[in-house]
Number of protein chains: 2
Amino acid sequence: MKITQEADYALRIILFLTKAGMNARNDAKTVSESEGVPSRFTLKILRKLTKAGLTKSYRGVGGGYSLGKPPETITFKDVIEAIDGPIYINRCLYDKEFCNLHRTNTCDIHRELGKVRKTLIEELEALNFKDLMRDSK
Amino acid sequence: MKITQEADYALRIILFLTKAGMNARNDAKTVSESEGVPSRFTLKILRKLTKAGLTKSYRGVGGGYSLGKPPETITFKDVIEAIDGPIYINRCLYDKEFCNLHRTNTCDIHRELGKVRKTLIEELEALNFKDLMRDSK
DNA sequence: ACAAAAGTATACCTACTTGGTACACTTTTA
DNA sequence: TAAAAGTGTACCAAGTAGGTATACTTTTGT
């Protein structure tokens, strides 16, 4: 029932870039040192975030990373899914082969967990990084 | 962001015992075969549930398991926590040593994840097994 | 009394996932 | 054209999940 350490790091990294401002470039080393994330690992995370469009990367001398879109359009859900993949609280709901009862459609347990998942996702979608900045003042 | 397979099994087992009725005894083999849970593993799960007071066990010939308390007092949260331990969506919130920034109290990310966790728990607490039976009719 | 039917306790094993690193590469700018 | 950046792929070690094995204790029927 946890997000991974990697997704947690990613949230911190996006927050860092948000604070730096939309157009600022920060290289991976700066990000890594500011947020206490191992440097190689930072690069790996930033690659996933860039692939998802949440950050932009610039190569070569003077390169680095910035936000890929305005912070009010980046949600916790976006970041977590960019790193950990789709959010499910129960494996059966996305991998029906895994349900060894093969009764996914009718199982009461899974129907209820599906509802819980839905509100969890809605909550994570409601959390964007612009609001986060505002609230922290 | 998932409950374990074991907790999923446990939910099914409690539902099975709820359907059997408060005072019915079912031995581990019956439960295992009905719910498609490996038999040794069923025993392991039932021991955890018994320890948590969610089931009662009876030893010896004619023994078995029954619910430990009325189904309206058993929630999804109870079952999941009996198996997987306390629900946290972020490790930092329960193991501050793990937070390599050591700024748990002020970290904006973790404050927000704490709120999400709270509503998640409230939702799981609102789901009890008597209601589940009623709704499935 | 005692055998059989149940549950209990502890330890173990294997496979997968997580967190992280290494290495060889490409792009960009001064 | 060298140095400073990011990219891609593969690898590795530790931890966790899922499940099994072995040896026990308790209860009941005969």
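Lettering follows sequence order; numbering is per chain, from 1. Keep in mind it's a predicted model, so treat the numbers as computed, not measured.
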Show every side chain to side chain donor-acceptor pair (under 3.5 Å) that has at least one partner inside residues 49-63 of chain A, sequence neighbours left out.
A/T50-A/T55
Checking only heavy atoms, does the side chain of B/K44 share a donor-acceptor pair with the base of D/dG19 at less than 3.5 Å?
yes
In whole angstroms, the gap separating C1' of D/dT20 from OH of B/Y9 amounts to 14 Å
Of A/A7 and A/R25, the one whose closest DNA chain C nucleotide lies more 5'
A/A7
Tell me if a side-chain donor or acceptor on B/R12 pairs with a main-chain N or O of A/I109 at a distance below 3.5 Å.
no
Rounding to a whole Å, what distance do you find between A/K2:NZ and D/dG15:C1'?
12 Å
May I have the distance from B/I83 (atom CD1) to D/dG18 (atom C1'), rounded to whole angstrom?
13 Å
Please state how far atom CZ in B/R40 lies from atom C1' in C/dC13, giving the value in whole angstrom units.
14 Å
For B/Q5 and C/dT17, give me the distance from atom CD to atom C1', rounded to whole Å.
15 Å
Using a cut-off of strictly less than 4.0 Å, decide whether A/T4 has a side-chain nitrogen or oxygen near OP1 or OP2 of C/dG19.
yes
Joint cluster assignment, B/M22 & B/L46, ILVMFWY side-chain distance < 4.5 Å:
yes
Would you tabulate the nitrogen or oxygen pairs shorter than 3.5 Å linking the protein to nucleotides 2-7 of chain C?
residue : atom : partner : partner atom : Å
C/dG7   : OP1  : B/A28   : N            : 3.2

Do side-chain atoms of A/T42 reach the backbone of A/V37 as a donor and acceptor pair under 3.5 angstrom?
yes
Apply ring-ring contact (aromatic ring centres under 6.0 Å, His included) to A/Y65 and list each qualifying residue two or more places apart in sequence or on a separate chain.
none
Over how many whole Å does the gap from A/F41 atom CZ to D/dT9 atom P extend?
18 Å
Measure from CG on A/D8 to P on C/dG19 and round the result to the nearest Å.
10 Å
Is it the case that the side chain of B/N90 and the backbone of B/H110 share a donor-acceptor pair, with hydrogens and angles ignored and the cut-off at 3.5 Å?
no
A/I45 CD1 - C/dT21 C1' separation (whole Å)
13 Å
Any Lys/Arg nitrogen of B/E6 or B/K44 sitting under 4.0 Å from an Asp/Glu carboxylate oxygen of the other?
no
